[in-house]
Amino acid sequence: MNVRSILLAAFFAPIAWVTWSVLLLALFAACHLLGWREDTAVFSGTLVDDSNAMSMQVVHGLLYATSFLAASILSPILLIAAAIQALLAKRFS
Amino acid sequence: MRCRNAEWDFMGRTFLVLGLANMALREPAAERRYLEVIDAIIDETLRLEAEHGMHFFLMDYALGGRFVAQPARSTFLDGEIAMMLAARQFVRPDARFAQCLATRVDILLDYMSRSPLLCGESYPNECWLFCNSAAIAAIRLSDCLDGRDHSEFIQRWLATARESLIDADSGLLTSSFTYNGDPIDGPEGSSLWMTTHCLQLVDPKFAEQQYALARRHLARHVFGFGYAREWPESSAGQADVDSGPIVPLLGASAGSSGLAVLGAASSGDAIFLGQLLASLEYAAFPIRKDGELRFAASNQVGDAVLLYAMVQGPLWQKAGKQP
């Protein structure tokens with residue numbers, strides 16, 4: 001079973017939630033390892049001068065912030081929900 | 001930084017000097033180390049101003065118009081340079097800066113007293129309360145140092161501000177206006193928090209009133225995370241270079257939220273300060289390296305403001321104790 005089939009076949013299953021959670025964490029980790037944290041300077045209006053580099057800075061900064069919010073808010077919620085769902089299923093099966 | 005906004009270069013210097021002055025007053029044992037940096041910043045700033053003129057630290061649009069008061073000077077520069085000099089002198093008086101400070105204060109008084117609202121221009125036909133309240137605080141600091149007394153002028157300035165610079169809807173001080181007093185922008189968070197901080201030196205009660213109003217109209221929090229709106233809901237404005245991008249729906253800006261840390265810290269508002277610091281720690285993307293801290297979502301001037309906010313106290317307290 002590959003990741004895509006897990007996500008599509010069992011959207012409300014704990015395994016799908018854990019997979020989503022890991023994907024969100026992986027996305028944030030990728031943005032972080034690419035060094036895009038520095039590009040969040042766009043939020044204070046601090047942009048580089050070159051227009052091409054500026055566009056990339058905006059994209060990187062927004063992606064970093066979005067992936068950070070997803071990883072720090074959604075990811076733990078999905079993990080906790082998956083754990084509760086798995087426990088309930090075990091208890092009442 | 002300079003390429004993007006020459007003002008930020010200059011303001012970064014001001015807030016760094018103010019922060020270091022407070023640190024020197026807090027840690028007398030490290031005074032020499034802090035003074036070396038402060039003096040280097042002040043010397044370089046004065047040299048650059050002398051070599052290139054005031055436009056070196058102003059945004060380009062300053063060249064597009066004519067200052068009403070002639071010969072042209074910017075209260076933005078004069079006020080903050082006076083403040084840097086005064087802060088340095090409060091740590092340890094140095095004869096080579098004493099005359100420089102007195103001259104700068106005389107220039108401020110000349111320009112401000114010539115204006116109908118006792119406020120000097122920062123840009124052509126553009127007066128900012130941020131700059132003029134900083135100038136007033138610098139005059140007060142200077143009086144404490146050299147024993148001169150400009151309290152009559154300061155009282156007139158305060159009376160004029162109360163009478164002519166209050167926004168009717170919110171009761172907050174407005175942020176910018178023309179030389180003759182026609183409003184340009186309404187109350188703006190990125191100006192107002194600094195204004196309340198400066199007012200504490202000359203009229204603590206007025207400062208307290210303005211802070212309470214700013215708290216009501218601009219301070220917000222969600223689940224314990226604080227932020228400050230750039231504009232009150234009653235007078236929405238646009239994002240500008242002072243605010244940075246404004247977050248849709250929330251109305252929050254980095255400029256207002258950053259300076260709110262200074263406002264809350266200097267007003268002793270521990271609750272809002274705690275909420276703002278929680279937001280900073282979470283969403284300003286702190287970078288800790290080799291014992292240093294900076295915020296990726298901030299910039300040089302933002303980090304200097306935060307430093308000054310976090311070491312608040314000694315300079316204003318020392319000045320406040322002077323008769």
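Each chain gets a letter, A, B and so on, in the order the sequences are listed, and its residues count up from 1. The figures here come from the full heavy-atom set of this structure, side chains too, leaving out hydrogens, waters and symmetry mates.
- Note on ring orientation: taking the six-membered ring where Trp is involved, the planes of A/Phe43 and B/Phe285 are tilted (angle from 30° to 60°).
- Contact annotation for B/Phe295: neither backbone nor side-chain heavy atoms come within less than 4.5 Å of a heavy atom of chain A.
- Among B/Gly302, B/Pro286, B/Ser257, the residue with the largest count of heavy-atom pairs under 4.5 Å with chain A is B/Pro286.
- Crowding of B/Ile271 atom CD1: a count of heavy atoms from other residues, nucleotides or ligands under 6.0 Å not exceeding 12.
- Within a 6.0 Å sphere centred on CZ of B/Arg47, other residues, nucleotides and ligands contribute more than 12 heavy atoms.
- In plain terms, the two heavy atoms of B/Ala296 and A/Arg37 that are nearest each other are CB-O, 3.3 Å.
- Looking at every heavy atom in both residues, B/Trp8 comes nearest to A/Ser44 through CH2-O, 3.6 Å.
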